[in-house]
Every structure is written in C-alpha cells, then in structure tokens.
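We name chains A, B, ... by the order of the sequence lines, and we start the count at 1 in each one.
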Amino acid sequence: MNQFTLKFQATELDIRRCSNAGQVFRWQEIGNNEFLGIDGGDWYHIFIIPGCDEDTFEVTTSADECRFHSLFRLELSYPELGRQLTELGPELIPYLSFGQGLRMMRPNCATETLFSFLCTANNHLARIKPMVQKLGSFGSKVHRVKEHPIHEFPNIATIARLKESQLRELGFGYRAKSIPLVAQELESRGAETYLEGLRNETYELAFSELISIKSIGPKLADCIALFALDLTEATPLDTHMWNVVTQLYFPEWKSLNLTDQRYRTASSFMRNRFGKLSGFAHQFLFFHDLSI
DNA sequence: TAGGGACCTGCC
DNA sequence: GCAGGTCCCT
C-alpha cells in the first residue's frame, strides 16, 4: 500500500469528470471530495483538499505513484495538447474549454476495459456501472475501503466459465450470453497475452482483430483500442459523436443513420484531421454532447 | 451492400 | 420509448 500527495489546478485534473465521462466504470465519489476507483487489481482512494490556487490530492493506493501518473497521463501537458488540437481544428475551441480538467485515462487492465464496454452497447450509464460492478465481483476480494469491498477484475478464464443463466439472474439481459462467449474467443486466441499484445500493434491491425470477435462492432473496437490499448488515433463514433460529427463535418448526413460505411468514412476523416490526437478530439466532443 | 428489426433492463 | 450497438435477415 502506497501513499503520496500531489497538487493540481482544477483545470489540470478533474477526477469527478474523469469518473463520469464514460471511460471507466468502477470509479465513484464515496464522500465529499473523496473518490474510490478500481482498475483491474489496483485501487485508488483519493481525498481532494481544495486550495485557493491548487487542490491537494492525497492518494492511497495498492499501486504505485508511477501507475497513477500513467493512469491519468500526467506526462501529457493538456495546455500543449489543446494548442495542437486547436491548430488542427479551430472548431474544437469551445469543446476544449468546456472539457477543462477532463483527461483521457489509460487503465492498466485491458480485460476490464474490454468487458466494461461490452456492457455499454445499447445501454445507459445508470445500468452500465452496476453491471460492471457485478462482473467485478467475480474477481477475488483484495481490500475494503469503508463499506466498499474491492474486487480485482476477474481474468478472462474466469469470465469464460460464467454461466449465461447466472448472468441473466444478475440482470445482464442478452449480454449474459455474449460476455462468456467473448471471453472464450479471447481464451482461444491466447487470453490476456493476446489482448495486451495488441498494444504493440498498429491501430488498423488491433481494430480488425477486435471486430473479428462476435459482439464487438466498430464502436466497441474503437473504445477498446483507445482506452485499453493506448492507440490514441482510435475514434469511437456513438450516438453522441454522431450528433457532433454530422453537425461539424458532415451536415449532409444530419438525420441519417450511422451505417458501417458512414462509420468508416467519418472516423477516417477524424483520423486524417487529427492523427494520433483524434481520440483526444473525440473525447472533448463526446463529453460536450453527453453533458448537454 | 444498405436498411430495418430484435434484443435485456431500468429510468425518463 | 429509448439508451454510448451489434447481429441477422431481406
């Protein structure tokens, strides 16, 4: 167990925004300015003490400070990122200023990210979070913070052996079937070694690998590539992004459905415009539409 | 190849 | 009804 203290301006890191932006699903505010977050087998218990210039973050964690830095990409200067994005696309300016303090997280556990996003399809946040929490409860309990038990996220082999009936009873709906099936498919490809190995591949290869798994379509594949595999040119297009993207770049597609062809055209357009920063552009656009 | 319907569940 | 989609079938 490690403890350390960091200082940030509110515009540098806003944990509340990071927790609620739909990038991680086992993060919650358990008290006033007190957060508990779980990433695979790591947990983070964070107190934020507001200051006049900077806020003080007191972090207690099973991981180390280095992991915390990686999780929130603290090596990345957001003012500099903002400048680069603005240069590539001035239309982002209002979205950047709206999303101050929101950072693209980089969870350590790719398995948790993959199965979390499997729960998001045709679903809403109020149901997604409890579902991911329940999936997490199949992992072993490693700690407790106040009344909150902390389970490490189950490994792929464990998920592959879950029974559909069991998950149905827990309210997973039709995902009760696909969750173990996806785990079995991953297992046959080499389980965690295969999934984490995709981090070293190109975006294009990782994307094509992921969509070849039944139940993972282009949107989930892009979320997994972006958040779990650190392939930041991935640009997930969901209904929120579709609103924004058609408004900003494809007005002729306003009121049209997002088909597979349009998905490929629009997300390629974003990648051509923003390159490796496209995933970051996506997050600011998405967060704005999510919040209005 | 593009478009429409079905799919679990819970909150608006 | 509809939600941060995907599959399956015309």
Just how far, in rounded Å, is P of C:dG5 from CG of A:L210? 18 Å
When rounded to whole Å, the CG to P distance for the pair A:D260 and B:dG4 reads 15 Å
Return the value, rounded to whole Å, for the distance between atom CG of A:L256 and atom P of B:dA2. 13 Å
Considering all heavy atoms, the nearest A:I38-A:H151 contact: CG2-O, 3.9 Å
Pull out every stem in DNA chain B, meaning runs of 3 or more consecutive Watson-Crick or G-U wobble pairs with both distances under 3.5 Å. B:2-7 with C:5-10, B:9-11 with C:1-3
Hey, is CD on A:E87 packed in by over 12 heavy atoms from elsewhere, all under 6.0 Å? no
Hydrophobic cluster partners of A:I46 (side-chain heavy atoms under 4.5 Å): A:F4, A:L6, A:F8, A:L13, A:I15, A:V24, A:W27, A:F35, A:Y44, A:I48, A:F57, A:V59, A:F68, A:L71, A:F72, A:L74, A:M105
For A:K276, enumerate each residue passing the salt bridge (Lys or Arg N to Asp or Glu O under 4.0 Å) test, keeping only those at least two apart in sequence or located in another chain. A:E233
Close N or O pairs between protein and nucleotides 6-8 of chain C (under 3.5 Å):
residue: C:dT6; atom: OP1; partner: A:G217; partner atom: N; Å: 2.9
residue: C:dT6; atom: OP1; partner: A:G217; partner atom: O; Å: 3.1
residue: C:dT6; atom: OP1; partner: A:L220; partner atom: N; Å: 2.9
residue: C:dT6; atom: OP2; partner: A:K219; partner atom: N; Å: 3.3
residue: C:dC7; atom: OP1; partner: A:S215; partner atom: N; Å: 2.7
residue: C:dC8; atom: OP1; partner: A:K214; partner atom: NZ; Å: 3.0

Starting at CG of A:N122 and ending at P of B:dG4, how long is that distance when rounded to a whole Å? 17 Å
So that I know where these two stand, are A:H282 and A:F284 an aromatic pair - ring centroids less than 6.0 Å apart? no
Using the P atom on both, measure B:dC8 against C:dC9 and round to a whole Å. 15 Å
Would you classify A:R168 as touching base, sugar-phosphate or nothing, given that sugar-phosphate means primed atoms plus P, OP1 and OP2, and contacts are heavy atoms under 4.0 Å? sugar-phosphate
Calculate the interatomic distance between A:F172 atom CZ and C:dA3 atom C1'; express it in whole Å. 17 Å
Transitive ILVMFWY cluster of A:F98, excluding itself - 4.5 Å side-chain cut-off: A:L102, A:F287
Is any side-chain heavy atom of A:R26 less than 4.5 Å from a side-chain heavy atom of A:Q133? yes
When you check the side-chain N and O atoms of A:Y194 and A:E187, is any donor under 3.5 Å from an acceptor? no
Between C:dG5, B:dG3, B:dT9, spot the one nearest the side chain of A:Y174, thanks. C:dG5
Tell me the interatomic distance from A:N123, atom CG, to B:dC7, atom P, rounded to whole angstroms. 16 Å
Hey, are A:Q23 and A:Q283 close enough side-chain-wise for a donor-acceptor pair under 3.5 Å? yes
Please report the closest heavy-atom contact between A:H148 and A:I30, naming both atoms and the distance. NE2-CG2, 3.4 Å
Please give, in whole Å, the distance from B:dC12 P to A:L125 CG? 12 Å
Are any non-hydrogen side-chain atoms of A:L96 and A:L85 less than 4.5 angstrom apart? yes
Expected output is a numbered-order residue list: members of residues 237-248 of chain A with a heavy atom under 4.0 Å from any atom of DNA chain C. What is it? A:D238, A:T239, A:H240
B:dT1 versus C:dG5 - spacing of their P atoms, nearest Å: 25 Å
Closest to the A:R262 side chain: B:dG4, B:dG3, B:dC7? B:dG3
Flag side-chain contact, heavy atom, 4.5 Å: A:F153 against A:D42: no
A:H124 NE2 to C:dG5 C1': how many Å, rounded? 15 Å
